[in-house]
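For reference, the structure is listed below as C-alpha cells.
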Amino acid sequence: LQIAREMSAHGITIFSVACEPALSGYRYAVDFFTAIAKMTGGMMLPLTSATMLPDVVIGGAREQLDLERRLEELRLEAEKYQQEKGEDVDETEMLRHLHNRMVDRGEKTVQLQLENPYEASKESEDNVLAMMATESLSTASAQFKKVKGGRLQAKFAYSSIEPDYLRSSRAKIAEPPVIMSKRRSFFGFGGGSSVSRAAPTRSSTVEQEDQEEDKGADDPEKLIPEPQTISEYQSQQVNITTADISEEQVFRMYSRLKSTAPSKAV
C-alpha cells in the first residue's frame, strides 16, 4: 500500500487488470487490486476473457489521456469552490457540484465501459476502504470482512473456460478449471500461493489438503459460482465511447490531484 501511494505521488496511475476466474479464487485479491487502483486514480478492470485485452488496453489509455488534459481545469475549479465555501468543505458534495457544472457545459470524455462481472458486496467495499485508509496490509487486515458467497456472477464464472472442457451443450461443469495449491499467504493471495489450470475434476486429496492447511479459508466450492447449463455462460461487454463526463471520472481526477500534491490544499 505504501508503494502504491509513492507511485501515485509521482503521477503513476495503476490500472489493475484482473484475470478471472483465477483472481477471485484468492480471498482478498480483488479488494487489494481495486484499492491500489483507486488510490492512484486508476481503474480495476476484471476480464473474464483474454480476447477483451486489446480493447481494454486501448480504451483505458485513451480515457486516461483525455482525463489528464482536464486535471488543471479541475484543480482551479476546486480551489475556487473551496475559497468560496471556506475551510469546512465536504469533498463529495464539492465534486458532485463540479461534475454537474462540467455536464452543464457539455464536456464529453472518452470512456471505457466494461461490464462488471462481480456480485455486489458491502463487505468487499469495506475492505477496499480499509486498505485505502491505512498505511499497511497488516494494519488493514484487522478490519477485513469475509465476503459471503462467490465473487463472480454465475453467468461470468466460466466464460474463459477452454472448449475442451465442455462436455456437451446440456452438460454441467463439475468443478471450476482452477486449482489452488495448499500454500497460502496470510491474506489468501500472493506469497506461496499458486494457481494452475486443470480439468474440471478436483481430486479429493487436494480438497483435504486445502481444508487441513487453512480451515478458515473460503469454501473452494463457493469461491466461483456454477451456472446450471453451458448456455448460461456469457462474455462481458466492453465498449469505448464518448459521453458526458461521468461523476466517477471526476472523483478519479481529484484523487490524482490530491495524491500528487499532498502538501497543498487542493
Side-chain angles (χ1 to χ4, degrees), residues 1-50 52-68 70-71 74 91-92 95 99 109-137 139-141 143-145 147 151-152 156 187-190 236 238-240 245-262 266:
L1 297 181
Q2 182 60 38
I3 293 174
R5 290 187 175 90
E6 292 175 1
M7 293 172 67
S8 182
H10 285 83
I12 299 173
T13 303
I14 296 176
F15 284 76
S16 301
V17 179
C19 298
E20 295 293 2
L23 190 68
S24 293
Y26 297 91
R27 188 180 297 176
Y28 300 119
V30 172
D31 305 333
F32 172 77
F33 286 106
T34 299
I36 63 174
K38 287 190 172 184
M39 286 163 56
T40 61
M43 299 173 66
M44 171 65 162
L45 303 170
L47 302 185
T48 57
S49 173
M52 297 186 296
L53 187 58
D55 288 336
V56 167
V57 171
I58 294 172
R62 288 181 57 191
E63 177 174 340
Q64 189 63 27
L65 287 172
D66 197 6
L67 297 183
E68 290 285 338
R70 303 170 191 272
L71 285 176
L74 180 62
E91 285 188 356
T92 299
L95 293 178
H99 169 251
T109 56
V110 175
Q111 297 179 22
L112 170 63
Q113 298 175 343
L114 180 64
E115 190 174 8
N116 183 11
Y118 296 126
E119 294 282 3
S121 169
K122 180 63 166 58
E123 292 80 9
S124 179
E125 293 176 1
D126 289 344
N127 292 341
V128 171
L129 292 175
M131 282 184 264
M132 294 179 66
T134 54
E135 294 298 322
S136 65
L137 281 174
T139 303
S141 65
Q143 305 175 46
F144 285 173
K145 299 177 181 179
V147 176
R151 294 276 187 159
L152 288 174
F156 296 123
F187 299 109
F189 60 90
Q236 285 171 277
V238 58
N239 186 37
I240 303 172
I245 187 170
S246 70
E247 186 175 285
E248 184 267 343
Q249 288 180 318
V250 173
F251 275 76
R252 279 169 51 199
M253 288 193 293
Y254 189 71
S255 177
R256 282 291 310 281
L257 289 172
K258 288 179 65 178
S259 62
T260 54
V266 177

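Listed by chain and residue number, Arg252 satisfy the salt bridge (charged side-chain N to carboxylate O under 4.0 Å, His left out) test with Glu248 (two or more places apart in sequence, or in another chain).
With no hydrogens or angles considered, a side-chain donor-acceptor pair links Ser8 and Ser259 at under 3.5 Å. The closest side-chain donor-acceptor pair between Asp66 and Thr109, if any, does not fall under 3.5 angstrom. A donor-acceptor contact closer than 3.5 angstrom is absent between the side chains of Ser121 and Glu119. A side-chain donor-acceptor contact under 3.5 Å links Thr48 and Gln236.
Of all the heavy atoms in Pro21 and Leu152, the pair that sits closest is CB-CD1, 3.6 Å. Pro117 and Phe156 get closest at one heavy-atom pair: CA-CD1, 3.3 Å. In terms of heavy-atom proximity, Thr13 sits nearest to Gln64 at OG1-NE2, 3.6 Å.
Between Phe251 and Thr92 the shortest side-chain heavy-atom distance falls below 4.5 Å. Here the side chains of Met131 and Leu137 are in contact, with some heavy-atom distance below 4.5 Å. A 4.5 Å side-chain heavy-atom check between Glu91 and Lys258 finds at least one atom pair inside the cut-off.
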Side chain to side chain contact (heavy atoms under 4.5 Å, CB included) between Gln143 and Thr134, worked out: CA-CA 10 Å; Gln143 305 175 46; Thr134 54; 3.7 Å; yes

Candidate pair Ser24 and Val30, rule side chain to side chain contact (heavy atoms under 4.5 Å, CB included), full reasoning: CA-CA 6 Å; Ser24 293; Val30 172; 4.0 Å; yes

Salt bridge (Lys or Arg N to Asp or Glu O under 4.0 Å) between Lys145 and Asp31, intermediate numbers included: CA-CA 11 Å; Lys145 299 177 181 179; Asp31 305 333; over 6 Å; no

Before you tell me yes or no, could you show the steps for Glu247 and Leu95 under side chain to side chain contact (heavy atoms under 4.5 Å, CB included), namely the whole-Å CA-CA distance, both residues' side-chain angles and the distance that decides it to 0.1 Å? CA-CA 8 Å; Glu247 186 175 285; Leu95 293 178; over 6 Å; no

Run the salt bridge (Lys or Arg N to Asp or Glu O under 4.0 Å) test on Glu20 and Arg151 for me, step by step, so that the C-alpha distance in whole Å, both residues' side-chain angles and the decisive distance to 0.1 Å come before the verdict. CA-CA 10 Å; Glu20 295 293 2; Arg151 294 276 187 159; over 6 Å; no

Report the C-alpha distance between Val57 and Val17 in whole Å, list the side-chain angles of each, state the deciding distance to 0.1 Å, and finish with yes or no for side chain to side chain contact (heavy atoms under 4.5 Å, CB included). CA-CA 9 Å; Val57 171; Val17 179; 5.9 Å; no

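Taking CZ of Arg5 as the start and CD of Glu135 as the end, the distance is 5.0 Å to the nearest 0.5 Å. Summarising the geometry, atom OH belonging to Tyr26 is positioned 10.5 Å from atom CZ belonging to Phe33; distances are rounded to the nearest 0.5 Å. Atoms CG and CE, from Leu71 and Met253 in turn, are 6.5 Å apart once rounded to the nearest 0.5 Å. Put simply, CG on Asp55 and CD on Gln113 are 12.5 Å apart, with the number rounded to the nearest 0.5 Å.
Partner Phe32 forms a side-chain contact (heavy atoms from CB on, under 4.5 Å) with one of Val128, Asn127, Leu1, Leu23 and no other, that one being Leu1.
A donor-acceptor pair under 3.5 Å is formed between the side chain of Glu63 and the backbone N or O of Leu112. Listed for the Ser49 side chain is no donor-acceptor partner under 3.5 Å among the backbone atoms of Met52.
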Identify each donor-acceptor pair in which a side-chain atom of residues 36-47 lies under 3.5 Å from a protein atom, sequence neighbours left out, and give them as a table.
unit_1 : atom_1 : unit_2 : atom_2 : d
Thr40  : OG1    : Ile14  : N      : 2.9
Thr40  : OG1    : Ile36  : O      : 3.1
Thr40  : OG1    : Ala37  : O      : 3.1

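By the neighbour-count criterion of 12 heavy atoms within 6.0 Å, atom CD1 of Ile3 is sparsely surrounded, having that number or fewer from other residues, nucleotides or ligands.
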